[in-house]
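None of the values given here were measured: they were computed from a predicted structure.
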Amino acid sequence: MSSNLLNKGYEPHNVEEQWYEYWIKEKLFSASEEGSEKGYSIVIPPPNVTGVLHMGHALNNTLQDILCRYKRLRGENVLWMPGTDHAGIATQNVVEKKLAAEGRDREQLGREKFIEAVWEWRSESGSAIINQLKRLGASCDWDRERFTMDEGLSKSVRKVFVQLHKEGLIYQGNYIINWCPRCNTALSDLEVEHEEQEGQLYHIKYPFENGKGGLVVATTRPETMLGDTAVAINPDDERYNNLKENNVVLPLVERIIPIIRDKYVDTEFGTGALKVTPAHDPNDFEIGTRHKLENIKVIGDDGTMTEEAGKFKGLDRFKCREAVVNTLEKEGLLVKQEPHDNSVGHCYRCKTIVEPNLSRQWFVKVKPLAEKAIAAVEEGKTKIIPENWTKTYFDWMYNIKDWCISRQIWWGHQIPAWTCQDCEKVTVSMETPEKCSHCGSANIVQETDVLDTWFSSALWPFSTMGWPDKTPLLEKYYPTSVLVTGFDILFFWVARMMMMGLHFMDEIPFKEVYVHALVRDEHGKKMSKSKGNVIDPLDVIEKYGTDAFRFTLAAFAAMGRDIKLSEDRVEGYRHFINKLWNAARFALMHLDSEEGKEYKTIDSKGISLPDRWILSRLKTVTGSVAEALDSYRFNEAAGTLYQFVWHEFCDWYIEAIKPILYGKHGEDQQNATKNVLWHVMRDILVLLHPFIPFVTEEIWHKLPGTKGSIMRAVYPDDNHDSEGIVQDPDSEEMMEMIIEIITAIRNIRGEMNIAPSLSLDVVLQPDDNRTMEIIKEHEELIVNIARLKSCKTGLNADKPSATATAIIKNTTIFVSLSGIVDFAKETQRLEKEISKITKELVAISKKLNNEDYISKAPEHVVNKTKEKHENCIEKQEKLEVTLKKIKEMGG
RNA sequence: GGGCGGGUAGCUCAGUUGGGAGAGCACCGGCCUUACAAGCCGGGGGUCACAGGUUCAAGCCCUGUUCCGCCUACCA
């Protein structure tokens with residue numbers, strides 16, 4: 001028997017690893033594409049291989065795990081597809097740093113060796129984050145783990161590239177792109193983070209050719225003037241109606257550049273004259289295209305000035321800005337300089353200021369793809385939850401621009417395009433070609449650029465399932481049931497998966513997208529290393545256990561709201577885990593432990609009121625939890641269970657059945673209650689398992705009458721009917737009344753400072769026979785829980801002379817205080833009660849005196865108010881009488 | 001510039017067809033009551049940002065104001 005008893009406190013460290021291994025060994029996370037059960041699938045948002053688990057991952061994966069475990073318990077055949085992302089730039093940075101520490105760089109190594117070094121690094125440390133996900137309890141089907149650089153996924157990438165190219169949706173072109181001079185690569189628009197910065201607006205005079213006067217332009221980036229090839233004014237700008245000049249002289253370089261007229265120019269801004277630098281500004285580039293202007297690149301890819309910058313050549317772009325301003329000032333061409341805020345783009349990987357640069361890159365023409373992705377959401381094929389995000393999704397999709405997919409790095413999927421050295425045409429192909437498809441020359445060279453990492457992530461839902469082959473896995477699990485993700489990658493990832501999924505599978509990639517919040521620190525600030533407010537999930541797990549951590553995340557995962565996390569909160573929920581543990585400990589002390597003991601279907605006639613009540617509550621709670629989980633209201637599901645387990649099961653049910661378990665009501669009653677206790681305990685564990693898998697599994701194995709893993713249990717909702725667990729409103733009403741009486745007595749005890757050790761004599765005076773019968777039947781319950789010496793119940797029961805009085809619906813409660821009564825205190829207490837009730841009465845009366853209310857409000861609302869009114873009046877009268885007597889006695 | 005979210009107890013936040021203002025933590029008081037002091041019992045505390053409107057009735061719906069946060073933009 002003792003082997004089944006639990007320790008006094010729950011120690012997570014002893015059990016977590018053991019159960020995780022057990023689950024793996026029993027293949028409890030494995031999906032089966034052959035199984036006949038309903039399929040449920042989620043693909044994990046693949047973390048970067050370079051990553052370490054942060055709070056975002058923890059929340060994201062906890063929620064997915066809750067869903068997967070819940071669905072499994074409901075008998076569905078769950079596939080949770082795990083894997084990692086090769087994270088091109090980030091990973092390359094990491095390995096380059098490592099090389100630098102050894103005094104080497106990638107150029108020395110060469111492409112091939114460098115890539116070998118990355119793979120080597122990956123096999124050494126690339127699975128760190130996977131192990132961390134396991135610590136979190138993630139029930140992914142690990143046998144199917146994928147990596148975006150795997151052979152299979154690389155094949156998908158190639159196939160997609162080749163087909164899109166054939167369809168004309170991938171093209172190569174010379175455009176302004178975002179260039180990171182530190183990473184030395186192009187970036188997509190999304191990979192640029194804009195940040196508002198204090199800057200200066202410089203007003204510069206561009207003299208006319210004849211030397212008389214000139215135009216004043218304003219710019220925040222004076223260094224780009226070296227590449228100006230025009231000055232533009234708005235044709236409707238009346239100030240320039242009489243302008244005769246056609247050219248200005250570009251200062252510092254002395255180039256003659258035209259004055260052009262373009263409607264793009266904002267007449268409201270500055271002087272209405274705009275310098276045009278087509279090689280270094282996206283807008284200017286478009287103006288330049290319209291007016292066939294020359295593109296002069298003055299800032300090089302390394303961030304220093306080019307040959308074209310003349311005497312400024314070789315200067316860093318920001319040093320050059322100073323130098324240009326100084327020179328202009330000396331020459332008297334700097335008209336004025338004023339503070340001006342503008343937003344500056346930074347590389348999302350290294351935070352370097354991004355340079356808009358003219359460059360030849362590969363692009364995806366996304367408009368046609370976006371149209372399908374928009375339609376799918378409009379038609380409700382894919383539902384975004386919460387719905388607010390739908391608007392954001394549409395906004396972005398409607399304004400989408402072509403996607404720059406080439407990166408000038410080595411780590412990634414090399415673009416399957418070969419340029420002919422003879423005819424200069426490009427061959428794009430699945431298999432490495434031997435010769436140019438245009439002229440047949442064997443003199444072909446493969447594109448050195450690799451693809452944006454998000455290009456391969458966009459294929460994740462189907463590439464991981466074996467596409468382009470037609471696999472049983474795709475057959476069963478695509479489209480996936482839901483995608484769980486943070487809003488920060490809604491565009492990066494979700495939108496692109498939608499586009500690619502619809503284009504290549506001709507089917508949405510997921511039926512629902514659940515967008516969860518960000519985890520912030522306790523003050524609502526974003527966690528960041530520089531702020532030093534980062535909480536490491538692994539530290540939290542170490543300190544409080546995985547279950548407490550997971551439950552905290554779930555409890556705070558209210559829709560559409562960020563989660564502010566602090567360790568104190570996790571500590572609070574650790575108390576809950578421990579409470580559960582101790583409740584189980586109590587149950588195990590009383591349940592019979594012989595193996596194979598069968599707990600029977602419950603016979604509602606043979607059980608006590610607390611038994612009936614807790615079963616009824618269990619039934620209701622089960623329904624609410626399932627409903628909440630089905631609609632992604634994790635916090636509500638967690639909150640409901642917390643309340644039920646702690647404040648109903650522990651606080652009332654366990655206390656109430658103690659006498660029965662101690663045998664005071666005979667063996668039949670004792671066995672019946674044990675049976676109920678077992679059922680409730682079992683169901684609590686199953687209901688909680690998706691949230692707190694470890695502790696529930698641990699207790700499950702100690703609970704008699706269970707077999708194997710809790711993961712194979714039946715979800716309560718699915719067997720309540722056959723076990724006789726039903727809703728029972730009568731029992732709830734009666735139990736609530738008993739609870740109210742006990743609480744009222746406890747209140748008197750507390751307020752009158754009566755020691756808990758002192759047993760009290762109580763007289764109960766019900767208003768009617770039915771109430772009296774109910775109370776009489778459960779008098780012992782009241783005596784035990786309220787710690788009474790005696791309890792007399794009767795419609796006209798004699799009340800003791802010195803008492804404290806409480807009035808609840810249908811019953812007056814007299815607590816005998818002979819010898820210990822404190823009149824002043826009791827007077828005070830009663831006055832407080834009266835003032836409370838009077839206040840309430842005023843509000844209710846006001847309502848009932850309102851004719852419109854009586855006539856227009858629904859009948860059941862009015863009746864409820866009337867009933868309350870009567871109760872209040874009655875209670876008030878009784879309290880007044882009591883108070884009068886006390887005053888007489890005390891006075 | 002556009003969009004989204006938020007302002008409810010000292011703190012962090014729930015509040016899903018408009019009809020009872022709630023939870024956890026913190027605080028105050030009392031308890032070693034044979035599962036649990038990581039606990040038990042009791043208690044105090046809020047003009048639901050502000051101003052209007054709709055309604056018999058508004059934390060909830062509408063309008064405006066204000067403060068905070070985030071996203072987005074071809075803001076010289």
Q | Nucleic acid footprint by protein, nucleotides 2-9 of chain B - heavy-atom cut-off 4.0 Å, B for base, S for sugar-phosphate alone | A | -SSSS---
Q) What one-letter contact string describes nucleotides 38-43 of chain B from 5' to 3', where B marks a base within less than 4.0 Å of any protein heavy atom, S marks contact via sugar-phosphate atoms alone, and - marks no contact? A) BSSSSS
Q.
Would you say A/Glu191 and A/Ser188 are linked by a side-chain donor-acceptor pair, where the criterion is simply a distance under 3.5 Å?
A. yes
Q: Would you tell me whether A/Asp228 and A/Tyr206 have side-chain atoms, one donor and one acceptor, within less than 3.5 Å of each other?
A: yes
Base, sugar-phosphate, or nothing for [X], non-hydrogen atoms under 4.0 angstrom?
| X | result |
| --- | --- |
| A/Tyr662 | sugar-phosphate |
| A/Val861 | base |
| A/Leu201 | sugar-phosphate |
| A/Glu636 | base |
| A/Lys8 | sugar-phosphate |
| A/Arg787 | base |

Q) Restricting to pairs with a member in residues 744-760 of chain A, which pass salt bridge (Lys or Arg N to Asp or Glu O under 4.0 Å), not counting sequence neighbours? A)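 Of all non-adjacent pairs touching residues 744-760 of chain A, those that pass salt bridge (Lys or Arg N to Asp or Glu O under 4.0 Å) are A/Glu751-A/Lys832.
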Q | Residue pairs, two or more places apart or on separate chains, that pass side chain to side chain donor-acceptor pair (under 3.5 Å) and touch residues 638-660 of chain A | A | A/Asp611-A/Tyr653, A/Arg617-A/Glu648, A/His647-A/Asp651, A/Glu655-A/Lys658
Q.
Determine whether the aromatic ring centres of residues A/Phe691 and A/Phe576 are separated by less than 6.0 angstrom.
A.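 So the answer is no for these two rings.
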**Q.** Candidates B/A35, B/G29, B/C75 - which lies nearest the side chain of A/Ala583
**A.** B/A35
Q. Which nucleotide, B/U33, B/C75, B/A35, lies nearest any side-chain atom of A/Glu655?
A. B/A35
Q | Euclidean distance, A/Phe694 CZ relative to A/Tyr10 OH, rounded to 0.5 Å | A | 8.0 Å
(Q) Less than 4.0 angstrom between a side-chain N/O of A/Lys658 and OP1 or OP2 of B/A35, yes or no? (A) yes
Q. Just to confirm, is there a sub-4.0 Å distance from OP1 or OP2 of B/A76 to any side-chain nitrogen or oxygen of A/His280?
A.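 False: A/His280 side-chain N/O out of range (4.0 Å or more) of B/A76 OP1/OP2.
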Q) Between which residue ranges does RNA chain B form stems of three or more consecutive Watson-Crick or G-U wobble pairs, both distances under 3.5 Å? A)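 Stems (3+ consecutive pairs) listed as B:1-7 with B:66-72, B:10-13 with B:22-25, B:27-31 with B:39-43, B:49-53 with B:61-65.
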Q | RNA chain B-proximal residues of residues 262-269 of chain A, any heavy atom under 4.0 Å | A | A/Tyr264, A/Val265, A/Asp266, A/Phe269
